[in-house]
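Let me begin by presenting the structure, written as structure tokens, before commenting on it.
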Amino acid sequence: MLLELIMAAVLGTIIYLFLTKTKEKVLPIGDGWWAAGEKPDSEEDTMIRPFKVVTSEEEIQDLHQRLDKARFADPLEDSYFHYGFNATYLKKIVSYWRNEFNWKKQVEILNQFPQFKTKIEGIDVHFLHIKPLHLSEGQSAKPLLMIHGWPGSVYELYKIIPLLTDPANHGLNGDHVFEMICPSIPGFGFSEAPHKKGFNPMCAARVFYKLMLKLGFQKFYVQGGDYGSVICTNLAQIAPCHVKGIHINLVYLSTFSFKQLLSILLGQYFPGLFGFQAEDIQRLFPFKRKVLHIIFLESGYLHLQATKPDTVGCGLNDSPVGLAAYILEKFSTWTDSSFKKLEDGGLEKKFTLDDLLTNVMIYWASGCVVSSMRFYKECFGKGIGIEKHETFPVEVPTGIAAFPNEVLHFPRSWAQKKYVNIVSFNFMPRGGHFAAFEEPALLATDILQFVDKVEKATFVQ
């Protein structure tokens with residue numbers, strides 16, 4: 001009898017574990033407190049306060065003095081951007097910054113959209129909240145949370161905001177209009193930096209989830225590239241009942257199945273066997289040159305920021321010229337890797353100096369470069385492939401825009417192992433890593449068609 005009871009208990013435990021495992025569709029949301037000191041017993045401030053970017057004359061004078069005293073290292077002959085930011089072109093950037101760039105004018109541009117701050121988990125979270133001005137009769141705006149990445153800021157999104165809040169007047173499909181919420185990741189831009197260790201993309205996802213609930217949105221779409229993509233993914237994992245769909249322009253996978261690894265060896269020869277399309281073959285192979293070589297050449301910053309971010313960060317926080325070189329080098333190489341062959345890094349082929357320096361100024365004026373770099377240590381510091389969310393499936397409808405000059409390409413057949421409900425996967429005709437900044441119309445069009453598919457599918461159900 002005792003043996004039978006023990007066997008029954010073991011069998012019951014196995015069944016319970018199996019059932020609870022199969023039923024697990026949502027990652028635990030958790031909680032956090034990121035202000036300095038212990039969490040107080042009192043309730044957190046629920047106020048949402050208007051915010052405007054303001055810079056004093058003293059801050060501008062300090063910047064100009066630092067620019068005037070800049071020291072430059074002579075570049076090697078014919079080095080272009082192969083060794084990093086070319087100092088000859090950097091002198092031109094600094095000269096423009098010091099003598100022609102009008103920060104006050106750019107501040108007016110930054111303040112064109114309504115901005116706010118609110119306390120969440122102990123720290124101030126900065127966000128834009130833009131409501132559409134034009135709605136057709138019977139039409140309602142769809143909430144869209146749009147998240148930037150590194151070394152970007154909410155300013156990356158300024159060109160795409162009008163296209164999504166008023167698509168019809170910009171020549172796009174006006175069937176869907178968005179009410180947009182664009183937050184600064186804590187530690188970036190005008191959001192307060194966490195005062196404690198451990199604030200990673202999952203924590204950011206939880207903070208933004210709380211932000212959306214605080215604003216009264218129970219159902220919403222989410223979009224992002226770079227870290228925005230990771231945060232979108234995590235948000236869908238912790239709150240799938242609230243996220244109607246996620247649209248990303250960067251797929252991040254940290255674990256690979258045996259078949260995926262095998263596709264690296266054989267996919268070029270048997271593409272159909274691994275679900276590869278012609279565009280996948282073009283972007284992935286030869287694998288050594290298209291992927292491994294890129295990882296080797298372009299991952300130095302990641303290793304540095306994932307291990308000792310404060311060391312280099314302190315230098316960048318003290319030197320506007322160093323900060324500009326460090327940030328703008330990414331806007332060159334990640335926009336198009338072939339720009340390394342140009343002395344100016346091709347920066348003005350896709351962006352204006354005013355736009356580029358406005359993004360740099362957000363880092364300089366807020367003093368956020370160190371805290372933004374720490375985000376990498378919090379994300380990768382424990383290792384790769386060991387966090388539960390890295391293998392946890394995303395079941396909400398997913399749209400993926402694959403831009404041809406993105407640093408790394410992940411085929412749909414790879415992505416669908418994690419994003420199990422891909423309703424839209426499109427190879428974009430041009431563009432790189434900073435899609436919303438570089439190709440806002442292309443990205444907006446892809447977001448609109450994705451949402452259209454999701455809405456029609458929801459209507460049918």
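Note: hydrogens, waters and symmetry copies are ignored here, and every other heavy atom, side chains too, is used. If you read the sequence from its start, that first residue is 1, and numbering goes on from there.
Note on ring orientation: taking the six-membered ring where Trp is involved, the planes of Y89 and F85 are parallel (angle under 30°, cut-offs 30° and 60°). Relative orientation of the F331 and F437 rings is perpendicular, given thresholds of 30° and 60° on the angle between their planes. The aromatic rings of F427 and H409 lie tilted to each other, with the angle between the two planes from 30° to 60°.
The distance from the CG atom of N249 to the CG atom of D226 is 9.0 Å, given to the nearest 0.5 Å.
T445 places a side-chain N or O within donor-acceptor distance of the main-chain N or O of A441, the cut-off being under 3.5 Å.
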(request) Please lay out, stage by stage, how V154 and F190 fare under the test side chain to side chain contact (heavy atoms under 4.5 Å, CB included). (result) CA-CA 9 Å; V154 289; F190 304 108; 5.7 Å; no
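For Y96, the OH atom sits in a packed shell: over 12 heavy atoms of surrounding residues, nucleotides or ligands are nearer than 6.0 Å. The environment of NZ in K417 is sparse: at most 12 heavy-atom neighbours from other residues, nucleotides or ligands sit within 6.0 Å. When the shell of 6.0 Å around NE2 of H64 is examined, it contains more than 12 heavy atoms from other residues, nucleotides or ligands. Around OH of Y83, the count of heavy atoms belonging to other residues, nucleotides or ligands within 6.0 Å does not exceed 12. Within a 6.0 Å sphere centred on NE2 of H195, heavy atoms belonging to other residues, nucleotides or ligands number more than 12.
Remark: K350 engages E439 in a salt bridge, criterion side-chain N to carboxylate O under 4.0 Å. A salt bridge does not link D280 with R412: every distance from a Lys NZ or Arg NE/NH1/NH2 to an Asp or Glu carboxylate oxygen is 4.0 Å or more. With salt bridges taken as basic N to acidic carboxylate O contacts below 4.0 Å, one links E455 and K244. A salt bridge does not link K196 with E378: none of the charged nitrogens is closer than 4.0 Å to a carboxylate oxygen. Ion pairing between a basic and an acidic side chain is recognised when a charged N comes within 4.0 Å of a carboxylate O; K105 and D354 show no such pairing.
When side chains are defined from C-beta on, K340 does not count as touching Y80, because their heavy atoms never get closer than 4.5 Å. Between W414 and Y419, every side-chain heavy-atom pair lies at or beyond the 4.5 Å cut-off. Between F127 and L211 there is a side-chain heavy-atom pair separated by less than 4.5 Å. Within the 4.5 Å cutoff, the side chain of L164 has heavy atoms near those of the L448 side chain. Put simply, the side chain of L133 does not reach to within 4.5 Å of the side chain of T165, judged on heavy atoms. At a threshold of 4.5 Å between non-hydrogen side-chain atoms, the residues E179 and F217 count as touching. The shortest distance between side-chain heavy atoms of I264 and L261 falls below 4.5 Å. Between R66 and W364, some side-chain heavy-atom pair lies under the 4.5 Å cut-off.
Between the side chains of S338 and D336, at least one donor N or O lies within less than 3.5 Å of an accepting N or O.
Between F339 and F81, the gap from one ring centroid to the other reaches at least 6.0 Å. Taking the centre of each ring, Y301 and Y326 stay at or above the 6.0 Å mark.
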